A.B. asks: 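Next up is a structure, given as structure tokens.
Quick caveat: nothing in here was measured; it's all calculated off a predicted structure. Order of appearance sets the numbers: ligands from 1, and atoms from 1 within every ligand. Scope of the values below: all heavy atoms of this structure, side chains included, with no hydrogens, waters or symmetry mates. Counting from 1, the numbers follow the sequence of the chain as shown.
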Amino acid sequence: MRAATIDDLHAMQRCNLLCLPENYQLKYYLYHALAWPALLQVADCDGAIVGYVLAKLDEECKDETRGHITSLSVLRTHRKLGLAATLMRAAHAALEEVYDAADVSLHVRVSNEAALHLYRDVLRYERVGVEKKYYADGEDAYNMRKTFRASEARANVDVETLRTRVEGMRAGSGQKSKRRGAKR
Ligand code: ACO
């Protein structure tokens with residue numbers, strides 16, 4: 001498992017063409033590689049690319065850094081060896097450590113049992129919605145999301161900070177009213 005280089009893009013495209021009906025022009029892989037080089041990971045088996053994950057940052061979200069998995073696939077000959085889970089974990093690590101992303105999302109066909117098992121049960125993504133007729137053939141997609149721990153921890157710290165402030169304000173106003181009471 002390693003980060004992809006520009007030299008891997010043709011092999012990634014080939015793997016995608018063999019595994020999925022959602023295909024992209026080479027320039028789309030190149031755009032990912034130039035914009036987010038840490039977010040392309042490949043499974044390299046003696047020089048042959050047998051799996052890849054292609055991820056990116058959500059360019060529409062302006063107020064928070066969010067990741068998105070564009071595509072994942074592993075050649076049939078190399079499935080059920082843990083490669084997809086490892087590729088996904090490498091993409092998650094890069095999203096958290098390099099980009100400090102708050103979460104990561106993806107779309108998956110509602111009928112894709114293998115991928116759903118991986119996302120829901122192994123990687124702990126949550127279903128956040130259904131996009132009707134998302135795919136060109138009319139199939140619906142589940143919209144899935146995983147929140148990263150660092151961002152959950154940040155959110156908890158924020159709640160704690162707020163609670164402390166509110167308690168501080170309450171204590172302060174209590175003292176004021178006691179002081180006011182003393183004057184009367
Ligand atoms: N049915 C049920 N569970 C499966 C299947 C299957 N056919 N294949 C793998 N799994 C399970 C594994 O048992 C494992 O779970 P476990 O740890 O509980 O045993 C888990 O999924 C992860 O297994 P990996 O070995 O890491 O997965 P693999 O390398 O086989 O790749 C993948 C899974 C990517 C879904 C592969 O089947 C594939 O390339 N499919 C075609 C392309 C595809 O569907 N890609 C995802 C589209 S969605 C997107 O790209 C955002």
Side-chain angles (χ1 to χ4, degrees), residues 1-4 8-33 35-61 65-96 98-99 101-149:
M1 197 78 36
R2 59 172 174 80
D8 295 316
L9 300 185
H10 269 117
M12 289 171 71
Q13 187 185 36
R14 180 175 168 276
C15 183
N16 165 269
L17 285 165
L18 289 170
C19 295
L20 279 167
E22 289 73 48
N23 310 126
Y24 315 97
Q25 292 182 12
L26 195 64
K27 64 184 178 189
Y28 194 52
Y29 292 85
L30 187 58
Y31 179 60
H32 277 70
W36 309 286
L39 299 185
L40 290 77
Q41 301 283 330
V42 286
D44 179 337
C45 183
D46 299 328
I49 300 305
V50 298
Y52 71 85
V53 60
L54 184 67
K56 63 176 193 164
L57 294 187
D58 182 340
E59 294 172 286
E60 278 159 30
C61 181
T65 306
R66 312 187 102 156
H68 185 77
I69 305 295
T70 304
S71 183
L72 165 79
S73 69
V74 171
L75 292 182
R76 266 181 203 284
T77 45
H78 289 73
R79 288 188 189 160
K80 294 204 176 178
L81 298 173
L83 291 181
T86 309
L87 286 162
M88 288 291 288
R89 290 194 176 109
H92 293 167
L95 278 166
E96 276 200 271
V98 181
Y99 298 99
D103 56 22
V104 58
S105 64
L106 56 80
H107 291 103
V108 57
R109 285 177 181 268
V110 295
S111 67
N112 192 341
E113 283 302 329
L116 275 169
H117 176 79
L118 169 68
Y119 300 141
R120 182 190 53 217
D121 305 323
V122 178
L123 299 171
R124 304 282 170 212
Y125 278 65
E126 283 173 26
R127 254 170 52 185
V128 290
V130 178
E131 299 207 19
K132 291 274 170 205
K133 298 191 188 334
Y134 178 81
Y135 293 99
D137 60 6
E139 184 167 348
D140 299 345
Y142 288 130
N143 186 0
M144 305 190 80
R145 188 175 299 281
K146 177 182 173 67
T147 303
F148 292 128
R149 255 179 278 145

A.B. asks: Enumerate the pairs of nitrogen or oxygen atoms, one from ligand 1 and one from the protein, separated by less than 3.5 angstrom; state names and distance to 0.1 Å.
C.D. replies:
{"from": "ligand 1", "atom 1": "15 (O)", "to": "H117", "atom 2": "NE2", "distance (Å)": "3.0"}
{"from": "ligand 1", "atom 1": "18 (O)", "to": "H117", "atom 2": "NE2", "distance (Å)": "2.9"}
{"from": "ligand 1", "atom 1": "25 (O)", "to": "K80", "atom 2": "N", "distance (Å)": "3.4"}
{"from": "ligand 1", "atom 1": "25 (O)", "to": "L81", "atom 2": "N", "distance (Å)": "3.2"}
{"from": "ligand 1", "atom 1": "25 (O)", "to": "G82", "atom 2": "N", "distance (Å)": "2.7"}
{"from": "ligand 1", "atom 1": "26 (O)", "to": "A84", "atom 2": "N", "distance (Å)": "3.3"}
{"from": "ligand 1", "atom 1": "26 (O)", "to": "A85", "atom 2": "N", "distance (Å)": "2.9"}
{"from": "ligand 1", "atom 1": "29 (O)", "to": "A84", "atom 2": "N", "distance (Å)": "3.1"}
{"from": "ligand 1", "atom 1": "30 (O)", "to": "K80", "atom 2": "N", "distance (Å)": "2.7"}
{"from": "ligand 1", "atom 1": "39 (O)", "to": "V74", "atom 2": "N", "distance (Å)": "2.9"}
{"from": "ligand 1", "atom 1": "39 (O)", "to": "V74", "atom 2": "O", "distance (Å)": "3.3"}
{"from": "ligand 1", "atom 1": "44 (O)", "to": "N112", "atom 2": "ND2", "distance (Å)": "2.7"}
{"from": "ligand 1", "atom 1": "45 (N)", "to": "L72", "atom 2": "O", "distance (Å)": "2.8"}
{"from": "ligand 1", "atom 1": "50 (O)", "to": "L72", "atom 2": "N", "distance (Å)": "3.0"}

A.B. asks: With no hydrogens and no angle check, is any side-chain donor or acceptor of D103 less than 3.5 Å from a backbone partner on K146?
C.D. replies: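 Judged by distance alone, no pair lies under 3.5 Å.
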A.B. asks: Within this structure, what is the CE-OH distance for the pair M12 and Y24, rounded to the nearest 0.5 Å?
C.D. replies: 11.0 Å
A.B. asks: Is it true that a side-chain atom of R79 and a backbone atom of V74 form a donor plus acceptor pair closer than 3.5 Å?
C.D. replies: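 Judged by distance alone, yes, a pair lies under 3.5 Å.
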A.B. asks: Are the side chain of E96 and the backbone of F148 linked by a donor-acceptor contact shorter than 3.5 Å?
C.D. replies: no
A.B. asks: Please check this pair: side chain of H68 against backbone of K56, looking for a donor-acceptor N/O pair closer than 3.5 Å.
C.D. replies: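 Judged by distance alone, no pair lies under 3.5 Å.
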A.B. asks: Could you state the interatomic distance from CG (N16) to CD (Q13), rounded to the nearest 0.5 Å?
C.D. replies: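 It comes to 7.0 Å.
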